[in-house]
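Below you'll find the structure, written out as structure tokens, and then a few comments.
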Amino acid sequence: MAEPLKAMYNKEFLRSLGTKIHAVYGSFDAEDFTAAAMKEPWEELELKARMRRITETLGAFLPSCYEEALDILYAIDKDCVGFPYLIFPDFVEVFGGREEHWELSMAALERFTPKSSAEFAVRPFMLRDPQRMMIQMLAWAEHPDEHVRRLASEGSRPRLPWGQALPVFKRDPSPVLPLLEKLKADPSLYVRKSVANNLNDIAKDHPAVVIETARRWKGNNVNTDWIVRHGCRSLIRKADPEIMELFGYAPEAGGAPLVAAAVLAVQPAEVRIGDHCELQYALTIREGEPVRIRIEYGIDFVKAGGKTSRKLFLLSDKTVPGGSRLAGVRTHRWADLTTRRHYPGQHTVTLLVNGREAASTTLLLEPQNERGTVQ
């Protein structure tokens with residue numbers, strides 16, 4: 001089993017960081033720093049808690065003057081590249097939030113983000129003064145470095161995973177839209193992914209805003225078209241009629257069903273948590289012109305309280321001739337994930353074509369005991 005991500009913050013990392021700092025700041029005691037950072041309950045701390053522990057310990061061992069502390073980090077940051085060095089932007093978040101430090105902190109986040117990412121550290125600044133920060137973000141959107149341009153978009157996402165939500169933009173995304181306009185044809189895929197994810201965030205609260213944006217943007221630039229498609233993915237999964245039409249998915253024709261026939265089977269029909277099953281499907285498309293179809297299967301997962309919640313999984317997305325017969329097999333695994341825990345009970349499995357249910361069946365998920373056998 002792979003080590004958890006938090007394991008990157010270990011004694012070796014801390015000693016290496018301490019040695020780098022000691023080389024430019026002789027009074028820094030690398031061993032005492034390492035011991036202080038790893039004080040109990042270190043082993044129980046998860047990733048972000050470990051990162052924050054290291055940040056706070058740095059603050060205790062570096063000069064109390066924020067500008068002097070930044071100068072020390074600047075002296076070593078060329079050798080501090082990669083995900084673990086999120087601690088540098090985190091240092092800015094923790095110790096650079098005072099009004100008199102604003103310019104220093106913006107310069108530091110701009111400098112550190114290409115080496116790791118400042119997408120999380122910028123959020124508290126956004127929460128405190130969104131208007132001022134959006135002016136900064138608009139300036140960063142024109143930066144020559146793709147990492148800084150990405151920060152402009154990623155830092156303003158209303159629903160950034162692992163980051164603080166931005167309720168002000170969940171309520172009203174209009175301040176974010178001029179920023180996305182600046183980046184809508186960015187040559188960097190790294191930036192375009194962030195713009196698309198920002199749009200997808202907005203779509204969860206303001207679908208009409210994203211639909212209107214998609215209509216304006218689509219067809220003007222190949223890079224923009226990629227953003228539009230990826231940014232509308234949640235609306236496509238929901239089979240929003242306007243979005244399905246915009247992207248050319250076949251509608252029902254004069255009341256004639258798109259799918260003439262469909263079957264779905266699950267083998268075996270009883271599995272235990274941690275095991276897997278095979279989904280077998282076949283469907284026939286109505287006769288006529290070629291049509292674009294999106295085939296998915298949905299599982300109504302049983303939750304801890306007994307209620308269910310559907311999650312969709314893509315099987316195929318393509319244009320096919322009228323009258324086509326399509327079939328396939330997909331393995332589905334029932335192992336617990338960090339993002340999804342399974343609970344025993346009857347699960348409904350549904351085949352969907354362009355968002356409409358075409359066939360369904362059920363599967364009984366059984367529990368495990370401590371030895372991994374069925375109870």
Side-chain angles (χ1 to χ4, degrees), residues 1-8 41 43-51 83 120 157 159-165 197 200-201 203-205 230 233-240 259 262-283 294-317 326-375:
M1 182 180 294
E3 278 192 318
L5 196 55
K6 69 178 185 178
M8 69 182 181
E43 292 301 327
E44 284 70 44
L45 297 180
E46 296 302 324
L47 175 65
K48 292 191 75 174
R50 287 192 180 191
M51 181 173 69
F83 190 77
F120 305 118
R157 285 180 58 182
R159 296 170 172 267
L160 179 67
W162 287 17
Q164 293 173 278
N197 288 335
N200 192 56
D201 282 1
K204 294 173 182 177
D205 299 300
H230 198 57
R233 63 188 184 275
S234 290
L235 296 175
I236 292 173
R237 290 192 194 107
K238 291 181 178 179
D240 181 281
V259 179
V263 293
L264 174 67
V266 177
Q267 296 294 334
E270 296 182 9
V271 298
R272 66 174 183 263
I273 295 172
D275 210 338
H276 66 275
C277 66
E278 284 193 347
L279 310 179
Q280 303 170 355
Y281 69 94
L283 58 93
R294 179 181 177 88
I295 307 173
E296 301 165 290
Y297 69 94
I299 298 179
D300 295 334
F301 287 103
V302 175
K303 311 303 287 183
K307 294 183 178 180
T308 60
S309 177
R310 176 172 289 186
K311 180 173 175 56
L312 299 178
F313 302 87
L314 182 63
L315 291 167
S316 181
D317 189 328
L326 306 168
V329 177
R330 173 67 61 87
T331 298
H332 186 89
R333 303 188 185 281
W334 294 88
D336 285 340
L337 307 170
T338 55
T339 55
R340 182 169 64 252
R341 181 176 173 82
H342 296 91
Y343 296 92
Q346 183 167 284
H347 290 61
T348 300
V349 185
T350 305
L351 183 70
L352 301 101
V353 181
N354 289 4
R356 293 183 177 270
E357 297 186 1
S360 66
T361 187
T362 58
L363 172 144
L364 181 63
L365 185 63
E366 298 180 322
Q368 292 176 310
N369 63 22
E370 292 183 358
R371 296 182 180 179
T373 58
V374 178
Q375 292 181 343

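Hydrogens, waters and symmetry mates are skipped; everything else that's a heavy atom, side chains included, is used. Numbering starts at 1 and runs along the sequence shown.
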Notebook entry, point to check: So Tyr281 and Val353, side-chain contact (heavy atoms from CB on, under 4.5 Å) or not? Walk me through it.
Noted result: CA-CA 12 Å; Tyr281 69 94; Val353 181; over 6 Å; no
Check: If we ignore angles and hydrogens, is there a donor and acceptor under 3.5 Å between the side chains of Arg159 and Asn197?
Finding: no
Contact summary for [X] and [Y], nearest pair of heavy atoms:
X	Y	answer
Val266	Leu363	CG1-CD1, 3.3 Å
Lys303	Ser309	CD-CB, 3.9 Å
Gly298	Leu312	CA-CD2, 3.7 Å
Cys277	Trp334	SG-NE1, 3.3 Å

Between the main-chain N or O of [Y] and the side-chain N or O of [X], is there a donor-acceptor pair closer than 3.5 Å?
X	Y	result
Asp336	Arg341	no
Arg50	Leu45	yes
Asn200	Ser234	yes
Lys6	Lys48	no
His342	Ile273	no

Note to self: Under a 4.0 Å threshold between the charged nitrogen and the carboxylate oxygen, would Lys311 count as salt-bridged to Glu296?
What the structure shows: no
Item checked: side-chain contact (heavy atoms from CB on, under 4.5 Å) between Leu279 and Phe313, worked out -> CA-CA 12 Å; Leu279 310 179; Phe313 302 87; over 6 Å; no
Notebook entry, point to check: Parallel, tilted or perpendicular: which describes the rings of His332 and Phe301, with under 30° parallel and over 60° perpendicular?
Noted result: tilted
Next item on the list: Test Met8 against Glu3 for side-chain contact (heavy atoms from CB on, under 4.5 Å), laying out the working first.
Entry: CA-CA 9 Å; Met8 69 182 181; Glu3 278 192 318; over 6 Å; no
Margin query: Quick one, Val302 and Leu365 - any side-chain contact, counting heavy atoms below 4.5 Å?
Written below: no
Check: Hey, which of Gln346, Arg310, His347 is the one that makes side chain to side chain donor-acceptor pair (under 3.5 Å) with Asp300?
Finding: Arg310
